[in-house]
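One structure is given below, encoded as structure tokens.
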Amino acid sequence: MNILCFFLRRKFVPYLDGGLRPGQAGRLEKHLAGCRECGGLIVRIRAGHQAARRFDRLSPDASPRLPEFEEIWARRPSPSRLSPALAVPALLAVAAGLVMLVAVSSRTMTSHSREGLVASHDIQAGREFTPLAIREFAMNSRSRIVTEGFVHNVYYDEQERTLHIKLVEGLQDPEPFVICEIRDVRGLTIPQQGSRVRVYGMARFDAQPGRGWNEVNPVMNIAVLNR
Amino acid sequence: MARVVPDDPEKVLVQAARRGDEEAFREIYRTYREPVWSVVLSLVGDPLQAQDILQNVFFKAFRGLPRFRFRSALFTWIYRIARNECRNHLRKHGPSVVPLEDILGSRYEADTASVADDGSRNRRDALTGAVMQLPFKMREVVVLKYQEDLSYDEMSRILGCPSGTVASRLNRALTELETLMRPSEGTR
């Protein structure tokens, strides 16, 4: 390959797209007629190009559900903490530390921070959250839901690096269940096993291999009804 | 790519978002959610991981808006965040091994009526599988060029490399794709 080949090869795809001016296309064609290496290469690139042109944009329907704006909005830092560049990583590090602490100690903890949570008045008024029984998750199409059940167990998921609560309708019944995934423990009361709780959050289905269960993910708030 | 001028509605929207206007953030999300989703899903392959990445992309975009200097279009900037999130995710977790039908499931169902025969569907399966097998840097140029229909200049801004590098990378990706597609094309 000489220097001419090097530069002309950058024009191959625009040429195949018909995007070169007639003079440029003519010079390229003349080169291709005399250069076996470039001639062979453009045959392969043309085949790849023709195949790639059938590569459509994947439809959003390919997902069970795209995240709602509220899920992202709920994670935003408060305006006063936007400016310092280190504030957010520090908060995230603190949150990760809290998750680990909860996982190790498995005891009830409460943080006073309200950041990242749904405003309590929203929850008290029950606005925007659709009540949903655990057994109804399989047929559910609503995203913001509130559900109630008993805490079967609380565990730290190493794979997801989040705290999980398995919620069941009755303590003697392992199914149906729903997994409540807590990404940020700040401001949440982590319930004990056997507690009856009300969980607010986003409903989704986890279709990862070996899973195939319904989730509340992320959990936005938890109210412990009794222990 | 559209040049940002003072009266550009996009600039007005970004400035409103910087002031904390929730509706402006919502509009940005509504506008870019699906194209960003499409790129992220094509790059990581797993819808559930793509969901989490999509959240991170917009979380970071919203958090970083005060630092957005209008040196590029907003979508270029968001795509760049998306691309970096995908690359970091794949570095940490490795490429996903997800059955193709899990990636494309409902699209296949929706497309059934429009697909003329099993042959064209098989070719599409093979193509998507081949694109997913490309190394990340090659896959991203294919996704940006053929799925998002971006120009070399736009790709260059998103990828942070000269357009000549984009062209060379695209050539390598297409020859690799031709090689990967060869066995299945041969079975038709």
Side-chain angles (χ1 to χ4, degrees), chain A residues 6-7 9-14 16-17 19 40-79 81-83 85 87-88 159-160 183 204-209 211 215 217-218, chain B residues 20 22 25-26 29-30 33-35 37-38 41-42 46-48 50-52 54-55 58-59 62-63 66 97-99 102-107 109-111 120 123-124 126-128 130-131 142-143 145-149 152 163-164 167-168 170-171 173-179 181-182 185:
Chain A
F6 177 80
F7 285 106
R9 284 178 186 185
R10 293 179 171 185
K11 306 285 183 196
F12 280 5
V13 175
L16 294 171
D17 276 335
L41 182 62
I42 201 167
V43 169
R44 295 186 63 198
I45 289 176
R46 179 182 282 118
H49 175 72
Q50 285 170 347
R53 287 171 68 175
R54 301 195 301 265
F55 187 61
D56 301 333
R57 170 174 281 188
L58 298 181
S59 155
D61 292 336
S63 161
R65 186 184 67 78
L66 289 187
E68 296 293 334
F69 170 75
E70 285 74 14
E71 292 175 61
I72 299 160
W73 186 245
R75 292 174 59 193
R76 79 198 188 283
S78 62
R81 296 184 181 185
L82 272 173
S83 310
V88 172
Q159 186 185 344
E160 301 282 347
R183 298 182 181 190
R204 59 191 262 179
F205 182 74
D206 188 338
Q208 288 186 71
R211 295 198 164 180
E215 290 184 339
N217 180 6
Chain B
E22 181 178 343
F25 279 113
R26 190 185 297 274
Y29 184 61
R30 195 181 296 139
R33 181 176 75 159
E34 292 186 5
W37 160 258
S38 180
L41 179 59
S42 297
D46 178 348
L48 280 171
Q51 281 182 326
D52 287 342
L54 186 74
Q55 280 206 32
F58 282 97
F59 175 64
F62 293 164
R63 200 180 66 188
V97 181
V98 179
D102 285 1
I103 301 169
L104 300 175
S106 60
R107 187 181 75 156
E109 289 164 21
D111 281 348
S120 58
R123 283 195 296 278
R124 180 177 280 181
L127 172 64
T128 308
V131 171
V142 170
V143 168
K145 158 98 178 116
Y146 294 96
Q147 183 179 284
E148 299 305 307
D149 202 22
Y152 279 19
S163 55
S168 306
L170 190 57
N171 280 354
L174 293 176
T175 48
E176 183 73 18
L177 199 57
E178 186 268 341
T179 305
M181 292 291 290
R182 213 179 286 162
E185 294 284 332

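Naming: A, B, ... by sequence-line order, numbering from 1 per chain. Scope of the values below: all heavy atoms of this structure, side chains included, with no hydrogens, waters or symmetry mates.
- Between A:Arg10 and B:Ala167, the closest heavy-atom pair is O-CB, 3.7 Å.
- For the pair B:Asp52 and A:Arg183, the minimum side-chain heavy-atom distance is below 4.5 Å.
- Applying the side-chain contact (heavy atoms from CB on, under 4.5 Å) test between A:Phe12 and each of B:Asn171, B:Leu174, B:Leu170 identifies B:Asn171 as the sole match.
- For A:Phe69, the parts lying under 4.5 angstrom from a heavy atom of chain B are both the backbone and the side chain.
- Distance check: B:Lys145 NZ to A:Asp17 CG gives 3.5 Å after rounding to the nearest 0.5 Å.
- The backbone N or O of B:Thr175 sits less than 3.5 Å from a side-chain atom of A:Arg44, completing a donor-acceptor pair.
- When all heavy atoms of A:Arg54 and B:Leu127 are compared, the closest pair comes out as C-CD2, 3.6 Å.
- Using a 4.5 Å cut-off between heavy atoms, B:Tyr29 contacts chain A through its side chain alone, with no backbone atom that close.
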(request) Under the side-chain contact (heavy atoms from CB on, under 4.5 Å) rule, what do B:Leu48 and A:Arg204 come out as? Steps first, then yes or no, please. (result) CA-CA 10 Å; B:Leu48 280 171; A:Arg204 59 191 262 179; 3.5 Å; yes
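- Taking both residues in full, the closest heavy atoms of A:Ala52 and B:Val142 are given as CB-CG1, 4.4 Å, listed atom of the first, atom of the second, then distance.
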